[in-house]
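Only one structure is covered here, and it is reproduced in the block below.
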Amino acid sequence: MFRTHNCGTLRQKNVGEEVILAGWVKRVRNLGTVSFIDLRDHYGITQLTFYGKNTLKKKADQLGREFVIQVCGKVADRKSKNLKNPTGFIEVVVSKLRILSYSKIPPFIIEEKTDGNEDLRMKYRYLDLRRDFIKKKLITRHKIVFEIRKYLSENGFLEIETPLLVKSTPEGARDFVIPSRTNPGQFYALPQSPQSFKQLLMIGGIDKYFQIVKCFRDEDLRSDRQPEFTQIDCEMSFVEEEDVIKISENLINYIFQKIRNCRFAKSFPRISYKEAIKRYGSDKPDIRFEMIIKELNDVIPKKNNRVAGISIPGCANYSIRQLNDITEWSKLHHIRNLTWVKCLIDGKFQSPFFDQKYFKIFSDRFGAKPGDLLLILSGLDDQTVRIQLGKIRIEMADRLGLRKTNQFSPIWIVDFPLFVWNEDNKRYDSFHHPFTSPKEENIYLLKKNPEKIIAKSYDLVINGKEIGGGSIRINKRSIQESIFNLLGFSRKEIFSKFGFLMEAFEYGTPPHGGIALGLDRFVALLKGEDSIRDFIAFPKNNSYRDPMIGTPSYLSDDQLKELHIFIKR
């Protein structure tokens, strides 16, 4: 056998036992008459000891970092204890050493704190995975996925896989497409979500479905976005919004209890999309702190302008340099017309723009106290002013350290509009996706005022991050056709892209709905981190590339010819 124990299990109770270990050489220390090797495997680190000036010790001293070795030896009580290491009370006095694999000098230090930059570590991702820093995150991801599967399975959900080679359909982002060799000129698409298939499962009589599924969207990357990502996809029959929200809350509470040993209230707070924009300037509000946006148009009449502001607690002592820094940050983010008001400790006010007659009004409107700082913004329209204040709100919270990574505040955003007007194309776009059901009391507006229709949709936001979203789906062909018509699809396009679904609606479609939670983002949130990359074994970089295997890459002319693709080099 290669090993009797792993490198993380030996303790003082094992002293005197003969053991076999295998792993990677982390460090070699030659102290003359004795040499020590830290041996690492997936489970931990064990100190190996070599005494004397024999052939065995000479062989050990020639080992390099990341050599793979196997040793036999006896567990001994360690004289110099290492309290930081679970195996730090013992060592293994080696009697046999076998080199299983040699290693070049690694391009970066494989330690908790490494000297390798992100690009280098991504190129040698298999080496980066040996670091506990990455490994622990993948273990956390595994535990979360395990618990999700357990919870959903125990609550009547059936895990079903859906196809990865599908038809290109409009779901909000660009598709990744794959040419078909056997059907010249035709293409598959990788799914942005299993949307159509999970609806067909409900039509097929599956009551509750879930899937931990890979999805693909050709869109710009951010630290919390990848072109291929994983979502927890759920769909249920004979449900309304309240049913989906309730089971989602129970799942979130279950996972937080298992992973973070904490729970939220049984029902998370809810606000409408309109109220979220009005209060926080975002449909993904971080509610761990206040700084509510206040309307000022009724007290500061400005021709053709909208005015609003936020109160920053305890910041009236900011210097002119600090205030200028905030203004410069705003300009870098294309935010103009920002000014400030200091509520001084002595009850007086200071501002470069407003005179004394406004200060009592500001105190009443913002509930500002002595020592607070008011940031006031004007712009051409209410929506833009609020969204820009929302960005300033987050920036100030970060500067003040108000966004604690160990504090979690979930909130549901509900009552989204069904449509958004596309000024460039002079037509409506779906706010979420075209399969979202309008509220029954709004259906009559499909023919008159589509922009006023409220959707049966809901987004789950935690700490200012959209963790998931879902909706009640349309289950009547006539309504679905009306939606497609408003989105600018011709009858031919409807039949070509969605004919299979439209026909399925004619065979008894139950009311149904669901939700999709972003697994990568959820795992990072649970660990209090912004970037999702370290929670994915082999992520892409900011250029959509995998520098390790060199993708995307060119195809040979023969391969392109087989796919009926002709490119001028």
Side-chain angles (χ1 to χ4, degrees), residues 1-52 56-57 59-101 103 105-106 108-116 121 124-143 259-261 406 527-529 534-535 537:
M1 66 178 69
F2 271 106
R3 57 189 180 185
T4 57
H5 297 75
N6 63 55
C7 292
T9 57
L10 296 174
R11 301 291 187 271
Q12 283 182 303
K13 65 181 180 181
N14 301 108
V15 169
E17 294 181 17
E18 291 285 343
V19 298
I20 304 173
L21 300 178
W24 287 264
V25 174
K26 181 181 178 183
R27 186 182 298 113
V28 179
R29 290 165 288 160
N30 182 355
L31 303 184
T33 58
V34 61
S35 290
F36 299 105
I37 289 178
D38 289 338
L39 188 67
R40 179 206 332 111
D41 67 7
H42 175 80
Y43 304 96
I45 296 171
T46 296
Q47 178 174 286
L48 310 178
T49 307
F50 298 80
Y51 288 106
L56 182 64
K57 183 178 179 301
K59 187 177 181 181
D61 290 339
Q62 293 173 0
L63 295 174
R65 284 188 294 140
E66 303 308 311
F67 278 36
V68 182
I69 64 172
Q70 179 192 48
V71 296
C72 299
K74 182 177 286 188
V75 181
D77 197 47
R78 187 166 164 176
K79 294 179 181 178
S80 179
K81 306 290 192 290
N82 181 354
L83 302 180
K84 295 180 180 179
N85 188 350
T87 63
F89 286 81
I90 59 93
E91 61 186 6
V92 173
V93 180
V94 177
S95 56
K96 292 181 182 178
L97 167 63
R98 178 186 172 196
I99 299 175
L100 301 175
S101 179
S103 173
I105 296 174
F108 55 86
I109 298 172
I110 302 175
E111 298 277 2
E112 194 78 4
K113 292 184 178 180
T114 180
D115 59 350
R121 289 187 291 108
Y124 296 94
R125 183 64 168 178
Y126 47 87
L127 297 179
D128 205 26
L129 291 173
R130 295 180 190 174
R131 298 168 57 222
D132 277 350
F133 179 80
I134 302 294
K135 184 171 61 184
K136 287 176 181 177
K137 293 180 178 182
L138 296 181
I139 292 171
T140 297
R141 182 187 178 106
H142 160 76
K143 290 178 179 176
I259 304 301
R260 299 288 309 218
N261 195 30
N406 60 351
K527 296 301 290 182
E529 299 193 23
D534 287 338
F535 296 91

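Just the heavy atoms: all of them, side chains too, but no hydrogens, waters or symmetry mates, feed the values below. Positions are given from 1 along the sequence.
- Separating the OG1 atom in Thr114 from the CZ atom in Arg131 is a distance of 5.0 Å, to the nearest 0.5 Å.
- From Ile69, atom CD1 reaches atom CG of Leu39 across 5.0 Å, with rounding to the nearest 0.5 Å.
- For Tyr124, there are no ring pair (Phe, Tyr, Trp, His ring centres under 6.0 Å) partners two or more places apart in sequence or in a different chain.
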Checklist entry - When you look at Arg40 and Ile110, which way does the side-chain contact (heavy atoms from CB on, under 4.5 Å) test go after all the steps? => result CA-CA 11 Å; Arg40 179 206 332 111; Ile110 302 175; 3.8 Å; yes

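- Note that CG of Asn85 and CD1 of Ile90 are 8.5 Å apart. Values are rounded to the nearest 0.5 Å.
- Nearest heavy-atom pair, Asn14 versus Thr9, reported as atom, atom and distance to 0.1 Å: OD1-O, 4.0 Å.
- Between atom CG of residue Leu63 and atom CG of residue Asn30 there is a gap of 11.5 Å, rounded to the nearest 0.5 Å.
- Minimum interatomic distance between Val93 and Ala76 (heavy atoms only, all atoms of both residues): CG2-CB, 4.0 Å.
- A donor-acceptor pair under 3.5 Å is formed between the side chain of Lys57 and the backbone N or O of Gly32.
- A donor-acceptor contact shorter than 3.5 Å is absent between the side chain of Thr4 and the backbone of Val19.
- In terms of heavy-atom proximity, Lys137 sits nearest to Phe133 at NZ-CZ, 3.2 Å.
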Next on the checklist: Working note: Phe108 + Asp128, criterion side-chain contact (heavy atoms from CB on, under 4.5 Å); need CA distance, chi angles, decisive distance, verdict.
Outcome noted: CA-CA 9 Å; Phe108 55 86; Asp128 205 26; 4.2 Å; yes

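- Counting all heavy atoms, side chain and backbone alike, Asp77 lies closest to Phe89 at OD1-O, 3.4 Å.
- Residue Leu31 places its CG atom among more than 12 non-hydrogen atoms of other residues, nucleotides or ligands, all under 6.0 Å distant.
- Between the side chain of Lys135 and the backbone N or O of His42 there is at least one donor-acceptor pair closer than 3.5 Å.
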Next on the checklist: Set out, in order, the CA-CA distance, both residues' side-chain angles and the distance that settles side-chain contact (heavy atoms from CB on, under 4.5 Å) for Arg3 and Asp41, then state yes or no.
Outcome noted: CA-CA 11 Å; Arg3 57 189 180 185; Asp41 67 7; 3.4 Å; yes

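- By the side-chain contact (heavy atoms from CB on, under 4.5 Å) test, Leu129 pairs with Arg125, Ile134, Leu138, Phe538, sequence neighbours left out.
- Counting only distance, with no hydrogens or angles, the side chain of Arg27 and the backbone of Asp38 share no donor-acceptor pair below 3.5 Å.
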Item to check | Residue pair His5, Leu21: steps toward the side-chain contact (heavy atoms from CB on, under 4.5 Å) verdict | outcome: CA-CA 6 Å; His5 297 75; Leu21 300 178; 4.0 Å; yes

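- Taken from NZ in Lys96 to NZ in Lys59, the straight-line distance is 11.5 Å, to the nearest 0.5 Å.
- Considering every non-hydrogen atom in both Ile259 and Lys143, the closest pair reads CD1-CB, 4.3 Å.
- In terms of heavy atoms, Cys7 sits closest to Thr46 at O-OG1, 2.8 Å.
- No donor-acceptor pair under 3.5 Å is formed between the side chain of Thr87 and the backbone N or O of Leu10.
- Expressed to the nearest 0.5 Å, how far OG1 of Thr49 lies from CZ of Arg78 amounts to 7.5 Å.
- Cys72 has its side chain out of reach of Arg98: every pair of non-hydrogen atoms, C-beta onward, lies at least 4.5 Å apart.
- Panel note: side chain Gln70, backbone Phe2; a donor-acceptor pair is recorded below 3.5 Å.
- Formation of a donor-acceptor pair under 3.5 Å by the Arg65 side chain with backbone atoms of Lys26 is not found in this model.
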